[in-house]
Amino acid sequence: MDAAIQPGDDARDPVPTRRVHVITYGCQMNVHDTRRIVQVLRPLGFQETPDPALADLVLLNTCSVREKPERKVLSTLARLKPLKEARPGLVLGVCGCVGQQHGEALLERVPYLDLVFGTDNIADLPSLLASVEHGGRTSHTRRMTHDDYRFLEADPAVEAGPTAFLTITKGCDRACSYCIVPYVRGREVSKPPEQVLDEVRRFVASGVREVTLLGQNVNSYGRDRPVGCGFVGLLERVAATPGLLRLRFVTSHPADADARMMECFARLPVLASHLHLPLQSGSDRVLARMRRGYTISEYLQKVEMARAARPDIALSTDIIVGFPGETSEDFQATLKAVEAAQFDTMFSFKYSPRPHTAAARLPNDVPEAEKAARLRDLQALQDEITAARMLRLLGRDEEVLVEGPSRNDATRERTSGGRLEGPVQWMGRTSTNYLVHFPPPEGRPVSPGDLVVVHIEEVLAHCLRGTVRGNGEGRTRGSG
Ligand code: SF4
């Protein structure tokens, strides 16, 4: 590993003299990569700024899974152009999946862009910046071979708050026909379990209380090379970390999420009561054309397994409408499957063909207006289900991991005789991943990372409100 990116080596970090602003699109993997970008820039004297107008370096960490976020990259670059014109010394860069996909072509298309680098090249950022600063616009999208790939060791110092993401695999060996990820992220590589465990231990030592293990398909962990354990073995080892209050993982491919994995929800109490299990379609015909490797009845069996292991588990999913050849009967099958599965939340999208995918060769034959109508129907159904699932929490006591002040309250502080008294509202998440807002409990300090018991008094469209249980029983475990 490059000595310049060894974690926890603050003594070598120079006093911050430059500022970086990173705009992150897409999935948690990109959120994680942004932390690694900040990490490799720290030894160069960079600190983060929320304001691009103050930055010496602005990076767009991009997503190309769908057409819409990809288009957004160009509009964001256009929005940043006046900054670059006012300050030619500002370095403007694109990384992530769009950077990997388009490379040099992006430099040609956007004349004021200085830097493009790919998903395997975060560790190269210091040398890439040096070449830009010496006058050259630079593109670097070299894909590492499977055996050469080394994961950057996560540095707890760049995490903000009591929750953290941790990659356990990169890339994907599946070949879902609509998906560009295998092209932009490459073949799957598993992180050695010792590195995962060491990073979790260091996260916990630095105050992190909840870790989410990340991979495109976490269930295939360890299949690409002998790492000493599979995903279930890794879960068992990570779950045993002292001080870790919650463990999550994402994403599980339904074909690979087997009974042994589902049983972990019964055996490992630290595992949060939430499972993201992308369905994509409720029609066997469409699932086969998507090359998903399961039928709807097999999928629903997995849902049953998860609920048998952890009856209160919350399920979330992804669904694509308007896949090539999707008939109105296929779509009705999707609605029926959604009714049957009773998801807590859903991410749903209109199909858009992606380059370098098998489905891009199929006729994109569902009209846009029909796709939009199907999406509306699907979302209306899911909204009803979500509302009913959330209503079940009304009047219940829920364990909530405190993440920090509610966003709208972060800057509002009550004063009493001139004294600051902290946020008006706190926010945190239930084990089932619902967002909860609550006022500070009387006479009892609350800190990010605490687990408190909140009595749920109100169910809103996207969150819950409640109050911390009184008489000393409200605080369970925590950092303080
Ligand atoms: S499992 Fe399928 S949808 Fe998920 S990243 Fe791999 S190819 Fe894409």
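Note that these values count all heavy atoms, side chains included, but never hydrogens, waters or copies made by symmetry. As the structure lists them, so they are numbered: ligands from 1, and atoms in each ligand from 1. Since the structure is predicted, the reported quantities are computational estimates derived from the model, not experimental observations.
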With the threshold set at 4.0 Å, does a side-chain nitrogen-carboxylate oxygen contact exist between K170 and D120?
-> yes
I'd like to know if E188 pairs up with R223 as an ion pair, taking the criterion as any Lys NZ or Arg NE/NH1/NH2 lying under 4.0 Å from an Asp or Glu carboxylate oxygen.
no
What lies under 2.8 Å from atom 8 (Fe) of ligand 1, restricted to protein N/O/S atoms, is C179 SG
Numbered in order shown, the ligand 1 atoms found under 4.0 Å of a heavy atom of R292 are 2 (Fe), 3 (S)
**Study point:** Polar side chain donor-acceptor pair, D148 to T145, under 3.5 angstrom
**Key:** yes
Worksheet item: Cut-off 3.5 Å, side chains only: do S281 and E326 have a donor facing an acceptor?
Response: no
Near H253 (heavy-atom distance under 4.0 Å), the atoms of ligand 1 are 1 (S)
Checklist entry - Charged N to carboxylate O below 4.0 Å: is that the case for E48 and R35? => result yes
Can H21 and T49 be counted as having a side-chain donor-acceptor contact under 3.5 angstrom? no
Check D256 with R174, please: is the shortest side-chain N to carboxylate O separation under 4.0 Å? yes
